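This one's a predicted model, so the numbers in the text were calculated from it and none came from an experiment. FYI, side chains are in, hydrogens and waters are out, and symmetry mates aren't considered; it's all heavy atoms of this structure.
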Amino acid sequence: MFTHLIIHDDKLIRVAFSEFAKRHFLRNFEKKYRGRQWEVTVESILEDIGRIKMQGNKLEMTQQVDELWYKDGRWIFKYDFAVAQTRKSAKSSGNRCVVFLDSNCNEAEILVIYHKDDLPKNMGEQAWIKSTLRVAFSDKMLLF
């Protein structure tokens, strides 16, 4: 859930996967969930994030998102998602995206996409996210 609410203006957000997410994590999901099952899931993720500023959309008020950092209309947040046809809820599935949202430019970038089992055993989720972003996305972390 966001502590800093988004100003809704009915503009769609452009959403894309970072090269880092494609190179390091996306392939694992593509191998595990082949074909249409994964395609539907990706469409759903992109549409959910893309509509975050639309009137009536309350995604930022749900337990499906967790605000990590906020400053000047920019957020880094964690988004929980379920893979299509797995019969698991988004929260219990263990699947997460870390998203950078710039509401001023109407752009979002999925920085990291992972399953909780991908995390190192000796590190908590929040610490892992922070260290990964500091190394791979130092430019974005400087904004916060």
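Every residue was checked against the salt bridge (charged side-chain N to carboxylate O under 4.0 Å, His left out) condition with Lys130, not counting sequence neighbours, and none meets it. Qualifying salt bridge (charged side-chain N to carboxylate O under 4.0 Å, His left out) partners for Arg96, counting only residues two or more places apart in sequence or in other chains: Asp80, Glu125. Residues satisfying the side-chain contact (heavy atoms from CB on, under 4.5 Å) test with Met54, not counting sequence neighbours, are Asp10, Leu12, Arg51, Asn57. A search for side-chain contact (heavy atoms from CB on, under 4.5 Å) contacts involving Glu107 returns Arg14, Cys105, not counting sequence neighbours. Contacts of Phe2 classified as ring-ring contact (aromatic ring centres under 6.0 Å, His included), with partners at least two apart in sequence or in another chain: Trp75, Phe77. Under the salt bridge (charged side-chain N to carboxylate O under 4.0 Å, His left out) criterion, Arg36 pairs with Glu39, Glu43, sequence neighbours left out. Shown here are the side-chain contact (heavy atoms from CB on, under 4.5 Å) partners of Met123, two or more places apart in sequence or in another chain: Pro120, Ala127, Trp128, Ser131. Scored by the side chain to side chain donor-acceptor pair (under 3.5 Å) test, Lys58 finds no partners at all (sequence neighbours excluded). Remark: Gln85 engages Gln37 in a side-chain contact (heavy atoms from CB on, under 4.5 Å) (not counting sequence neighbours).
By the 4.5 Å heavy-atom criterion applied to side chains, Met141 and Ile76 are counted as neighbours. Looking at heavy atoms from C-beta onward, Met1 lies out of side-chain contact with Thr62 at the 4.5 angstrom threshold. Looking at Gln64 and Leu59, their side chains come closer than 4.5 Å, going by heavy atoms from C-beta outward. Under the 4.5 Å side-chain criterion, counting only non-hydrogen atoms from C-beta, Lys32 is not in contact with Phe29. Within the 4.5 Å cutoff, the side chain of Phe144 has heavy atoms near those of the Phe100 side chain. By the 4.5 Å heavy-atom criterion applied to side chains, Asp102 and Ile13 are not counted as neighbours. Two residues are said to be in side-chain contact when any heavy atoms from C-beta on lie closer than 4.5 Å; Val98 and Tyr114 meet this criterion. For the pair Cys97 and Ile45, the minimum side-chain heavy-atom distance is below 4.5 Å.
Residues Ser44 and Thr41 bring no donor and acceptor atom of their side chains to less than 3.5 Å of each other.
Note that OG of Ser93 and CZ of Arg87 are 15.5 Å apart. Values are rounded to the nearest 0.5 Å. For the atom pair CE (Met61) and CD1 (Ile6), the distance works out to 11.0 Å, reported to the nearest 0.5 Å. Distance OG1/Thr86 to CZ/Phe81: 10.0 Å, rounded to 0.5 Å. A distance of 3.5 Å separates CG in Asp48 from OH in Tyr79, rounded to the nearest 0.5 Å. Here the CG-CD distance, from Leu119 to Gln126, works out to 11.0 Å after rounding to the nearest 0.5 Å.
Proximity of a side-chain donor or acceptor of Lys91 to a complementary backbone N or O of Gln63 within less than 3.5 Å is detected. In this structure, Asp72 contributes its side chain and Asn104 its backbone to no donor-acceptor pair below 3.5 Å. Between the side chain of Lys53 and the backbone N or O of Ser103 there is at least one donor-acceptor pair closer than 3.5 Å.
Atom CG of Leu142 is surrounded by more than 12 heavy atoms from other residues, nucleotides or ligands within 6.0 Å.
Residue pairs meeting the salt bridge (Lys or Arg N to Asp or Glu O under 4.0 Å) criterion with at least one partner in residues 15-29, sequence neighbours excluded, are Glu19-Lys22. Residue pairs meeting the side-chain hydrogen bond (donor to acceptor under 3.5 Å, both in side chains) criterion with at least one member in residues 133-144, sequence neighbours excluded, are Glu109-Lys140.
Taking the six-membered ring where the residue is Trp, Phe20 and His24 present tilted rings, their angle falling between 30° and 60°.
Two different hydrophobic clusters hold Val40 and Leu46 under the rule that ILVMFWY side chains link at heavy-atom gaps under 4.5 Å.
Grouped by direct or indirect side-chain proximity (heavy atoms under 4.5 Å, Ile/Leu/Val/Met/Phe/Trp/Tyr only), Val135 sits alone.
Trp38 and Ile113 make their closest contact through CH2-CD1, 4.0 Å (heavy atoms, listed as atom of the first residue, atom of the second, distance). Closest approach of Ile52 and Glu60 over heavy atoms only: O-OE1, 4.0 Å. Closest approach of Val99 to Ala108, counting heavy atoms only: CG1-CB, 4.0 Å.
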| Should Val65 and Lys78 be marked as a side chain to side chain contact (heavy atoms under 4.5 Å, CB included) after you check the CA-CA gap, both sets of side-chain angles, and the distance that decides it? | CA-CA 5 Å; Val65 296; Lys78 185 171 57 170; over 6 Å; no
